[in-house]
Amino acid sequence: MANIKEEKLRKLKYSYIGGSLVCGIIIGAIVICTFVSMIAVFGLYIVDSKIRDEYERVRSMADIYQVSQDIPGNDLMNSLGNVSYEYIVVDDNRNIIEVHGNNTCDMEHGGRIDILEFMDDEDVPGQDRQQRIESMVERTRDNAITVYPDIDKSIITPGTNGRVSVDLLKLRDIIMSYGEGGESLSIGQNFIIKLPFWMEVPVGANSHMICKTYFNIYFRELAILGLLSVIVTVLTFVTGIFLLVYIIRAVSNRHKMSDIFFMDETTGQHNWLWFLMNAEKELAQKRSADRNYAVLDVEFVNYRNFCVCHSVDEGGKMLRQINDRIQGHLGKGELVAHHSVSHFAVLTVCSDRNGLEARIRGIIGDLEHVSEDHKFYYWVGVDTIPESRDEKGKVVRRKNIDVEKAFNNAGAARATLSVENSDIAFFDEKMVEEQRWIDVINENQLRALENEEFVVYYQPKYDPRTEELKGAEALIRWMSPQNGMISPGRFIPIFEKNGFITCIDHYMLDHVARDQRRWLDNGFKCVPVSVNVSRAHFIEADLAEQIKDIVDAAGTPHDLIEIELTESAFFDDKNALISIIRKLKEYGFTVSMDDFGSGYSSLNSLKEMPLDVLKLDADFFRNDEGDGRGQIVVSEAIRLAKNLNMRTVAEGVEEKSQVDFLAEQGCDMIQGFYFAKPMPKEEYELKM
Ligand code: C2E
Ligand code: MG
Ligand code: MG
């Protein structure tokens with residue numbers, strides 16, 4: 001889930017800034033290109049029309065010259081003497097025939113120049129538009145004029161294939177330098193810049209007139225060009241500013257958006273998504289490849305109680321302080337974020353397990369006193385991420401980092417903790433195995449019950465003095481077709497957690513009651529059989545009635561059934577338990593306390609509960625140091641039970657000396673491997 005969110009956010013971030021940037025650049029480019037091309041078209045139009053005008057002038061001059069040549073003795077050219085013009089007349093081989101005025105023509109670098117629509121674009125009847133354009137291009141090529149640069153100064157630049165062009169960049173430079181006092185420019189009244197060049201027109205059959213002419217730039221043209229340039233500059237500037245502001249705003253909005261997105265509502269600090277993204281980034285760094293890391297799931301165990309006693313707001317304040325305290329313990333490259341309710345995710349660098357454990361204990365020690373009035377406790381699950389090396393042992397960047405999985409593993413380790421104190425649990429492969437086993441059990445339990453894969457084994461109880469059979473305990477075995485015989489220690493705790501234990505206990509009671517009935521009917525000398533009833537049943541107020549109904553359904557006398565309650569049941573609702581025990585006794589069942597002495601035995605519960613039998617836990621008879629202390633406790637427990645009118649059963653007795661000792665102390669029954677192990681009912685029948 002987090003990954004999907006993370007991916008979407010990443011895309012949004014880049015589309016947000018990238019989209020804005022691309023749009024801005026496109027709009028800016030369109031605006032600027034439009035204006036630059038407007039200027040260019042305008043400039044080209046001016047250049048084109050000027051050269052065309054000049055051609056018309058030179059052509060007229062050539063016509064006059066022609067006339068003056070054709071009519072000998074006429075004074076037509078001389079009559080133009082007052083007009084300032086210079087020209088050269090050359091033959092087809094470029095030999096100068098006549099020079100008028102100052103010859104500054106650079107005949108070496110001349111060439112032809114194309115002026116589109118140089119000729120009049122007359123409509124020829126019958127020609128369509130396409131044909132007209134083609135004929136115009138043809139005429140332009142045919143009638144391209146020959147021009148020459150002036151030695152002093154010219155904007156005519158030689159090109160390839162005998163062609164020349166007007167150098168617009170040079171023209172621009174000349175115009176720009178005009179204001180700085182371009183000394184070679186001719187400045188007149190109507191125009192401000194005159195740039196000389198020479199233009200050739202044919203005169204008669206074999207000669208050509210090369211006439212000096214000028215590229216005139218008028219003030220109004222300059223003004224329009226200047227205005228356009230200013231507009232382009234201003235537009236470029238405005239677009240640039242607009243773009244810049246837009247990008248800055250986009251970036252700052254992105255930061256604000258990220259802050260909100262990555263903020264945890266409760267602590268006001270970072271949230272889980274931020275942790276995921278940053279932890280992965282940190283672990284993927286090259287510099288972190290040779291370091292060991294650990295992902296922690298830190299649970300503030302007292303959170304719910306604290307909220308109940310104070311308020312959710314106060315609880316939130318505590319979470320904020322815890323977040324800050326943890327942060328205070330972290331260094332560079334280490335992260336903390338609030339995960340959910342009372343959980344924090346932490347990424348730490350660690351050297352070795354002992355060092356890490358000591359460090360976590362230090363952090364917990366500080367967190368326990370986050371409130372002045374309370375001492376809190378914390379459960380910390382740890383999953384380690386080792387340094388990253390390739391097959392040759394070389395340190396390499398981490399790939400396929402899965403922080404979510406590491407946190408989940410840490411959570412699984414944390415979930416194994418149940419002590420009412422701060423504690424740490426490390427995740428390992430055994431846990432994976434355990435989890436797999438739990439899954440197998442969960443998947444198969446119902447089918448196993450329906451297929452009667454659960455089988456009752458009986459473990460006899462004997463009188464230690466007479467060695468006479470006095471009773472038995474029904475113990476479950478799972479005959480699984482896939483896994484063989486499974487002992488209860490491997491599945492009962494799982495059933496207790498998932499609630500299936502209630503079905504199992506009913507199933508066992510039903511089978512035992514029916515076995516007893518059958519044995520009675522077959523003339524066996526039956527003894528009471530005890531059935532374990534888990535503490536999970538004690539939430540059912542009608543438990544005693546349920547037991548009675550099951551036994552009655554089999555038609556078994558109640559005195560042949562004993563109910564064993566584990567010691568832990570005595571810590572639940574005491575009144576409910578007393579009432580159930582009373583009812584069971586009223587119905588004629590024997591009630592015993594199983595595993596007395598295995599945990600936190602409460603003598604008080606012995607005082608309050610009207611029990612019939614006390615089963616001394618097997619632990620009494622194991623690990624006896626031989627200093628006699630164990631024996632003292634056992635003999636006192638037996639005496640106490642006797643004084644309370646309870647019978648005693650010693651469990652887990654394996655040796656003769658223990659049997660003798662218990663017989664001496666007046667223990668009523670012994671259930672242990674010394675006499676017999678739990679056995680199938682067929683074998684038990686033989687014992688009866
Ligand atoms: P428990 O009720 O205290 O049963 C006694 C356990 O001690 C049995 O283990 C038995 O085999 C074992 N035991 C008896 N004598 C000796 C001995 O001399 N040496 C050793 N090493 N062990 C001895 P088991 O059958 O594995 O059962 C374990 C526990 O599973 C039981 O402890 C009980 O708490 C639970 N359990 C078994 N069947 C049921 C059931 O049908 N319902 C419920 N709720 N729990 C059951
Ligand atoms: Mg038992
Ligand atoms: Mg027991």
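In listed order, ligands and their atoms are each counted from 1. Just the heavy atoms: all of them, side chains too, but no hydrogens, waters or symmetry mates, feed the values below.
- A 6.0 Å sphere centred on CD of E452 holds more than 12 heavy atoms belonging to other residues, nucleotides or ligands.
- With a 4.0 Å heavy-atom cut-off, ligand 1 is reached by the side chain of R477 but not by its N, CA, C or O.
- In this structure, atom 6 (C) of ligand 1 has its sub-4.0 angstrom surroundings free of protein heavy atoms.
- Not a single heavy atom of E496 sits under 4.0 Å from any atom of ligand 1.
- Annotation: R389, atom CZ; neighbour count of heavy atoms from other residues, nucleotides and ligands within 6.0 Å is above 12.
- Taking every non-hydrogen atom of V653 and a distance limit under 4.0 Å, the qualifying atoms of ligand 1 come out as 18 (O).
- Cation-pi geometry between K681 and Y684 is not satisfied (NZ or CZ under 6.0 Å from the ring centre, within 45° of the ring normal).
- Taking both residues in full, the closest heavy atoms of A345 and W272 are given as CB-CZ3, 3.7 Å, listed atom of the first, atom of the second, then distance.
- Heavy atoms of other residues, nucleotides or ligands lying less than 6.0 angstrom from CZ of R304 number 12 at most.
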Apply salt bridge (Lys or Arg N to Asp or Glu O under 4.0 Å) to E467 and K687, showing your working.
CA-CA 12 Å; E467 300 200 352; K687 297 274 177 198; over 6 Å; no
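- With distances taken over non-hydrogen atoms, the option nearest atom 43 (C) of ligand 1 out of D505, L509, I476 is D505.
- Our summary of the site lists the angle at the Mg ion (ligand 2) between OD1 of N532 and OE1 of E564 as 90°, to the nearest 10 degrees.
- Protein heavy atoms are absent from the 4.0 Å sphere centred on atom 34 (O) of ligand 1.
- Between the side chains of D297 and H343, at least one donor N or O sits under 3.5 Å from an acceptor N or O.
- Within the 4.0 Å heavy-atom shell around ligand 1 one finds G652.
- Residues P528 and K470 approach most closely at CD-O, 3.5 Å, considering heavy atoms.
- Taking a cut-off of under 4.0 Å to the non-hydrogen atoms of I501, the atoms of ligand 1 that pass are 44 (N).
- Distance screen at 4.0 Å: atom 9 (O) of ligand 1 has no protein heavy-atom neighbour inside the cut-off.
- Listed for the D595 side chain is no donor-acceptor partner under 3.5 Å among the backbone atoms of D617.
- Counting backbone and side-chain atoms alike, S530 contributes no N/O/S atom closer than 2.8 Å to the Mg ion (ligand 2).
- Residue-ligand proximity, G672 to ligand 1, at heavy-atom distances under 4.0 Å covers atoms 15 (N), 18 (O).
- Each of the atoms 3 (O) of ligand 1 lies under 4.0 Å from some heavy atom of D595.
- Ligand 1 places these atoms under 4.0 Å from at least one heavy atom of P678: 11 (O).
- Here E473 does not reach the Mg ion (ligand 3): none of its N/O/S atoms is less than 2.8 Å from the metal.
- Taking every non-hydrogen atom of P488 and a distance limit under 4.0 Å, the qualifying atoms of ligand 1 come out as 24 (P), 25 (O), 26 (O), 27 (O), 28 (C), 30 (O), 37 (C).
- Residue L584 is tested with I547, I561, V533 for a side-chain contact (heavy atoms from CB on, under 4.5 Å); the sole match is I547.
- Contacts of Q459 with ligand 1, taken as heavy-atom pairs under 4.0 Å, involve the side chain alone.
- In this structure, atom 1 (P) of ligand 1 lies nearest to the protein heavy atom D594 OD2, 3.7 Å.
- With D463 contributing its side chain and M669 its backbone, the two residues share no donor-acceptor pair below 3.5 Å.
- At the Mg ion (ligand 3), the angle from OE2 in E651 to OD1 in D595 is 150° when rounded to 10°.
- For atom 19 (N) of ligand 1, a protein heavy-atom neighbour is present inside the 4.0 Å cut-off.
- In summary, the atoms of ligand 1 found under 4.0 Å from a heavy atom of E651, numbered by their order in the structure, are 1 (P), 3 (O), 4 (O), 5 (C).
- Outside the 6.0 Å centre-distance limit, the rings of H511 and H506 are not counted as a close aromatic pair.
- Look at D594 and the Mg ion (ligand 3): an N/O/S atom of the residue is under 2.8 Å from the metal.
- Cation-pi contact between R353 and F426: present, with separation from the ring centre below 6.0 Å and deviation from the ring axis of at most 45°.
- The aromatic rings of Y507 and F454 sit perpendicular to each other, their planes meeting at more than 60°, with 30° as the lower class boundary.
- Side-chain N/O atoms of S530 and K615 include no donor and acceptor closer than 3.5 Å.
- For atom 4 (O) of ligand 1, the closest non-hydrogen atom of the protein is L475 CD2, 3.5 Å.
- The closest heavy-atom contact to atom 23 (C) of ligand 1, among the options F675, F673, Y674, comes from F673.
- In this structure, of N532, V533, D617, the residue bringing a heavy atom nearest to atom 46 (C) of ligand 1 is N532.
- Each of the atoms 17 (C), 18 (O), 19 (N), 20 (C), 21 (N) of ligand 1 lies under 4.0 Å from some heavy atom of E654.
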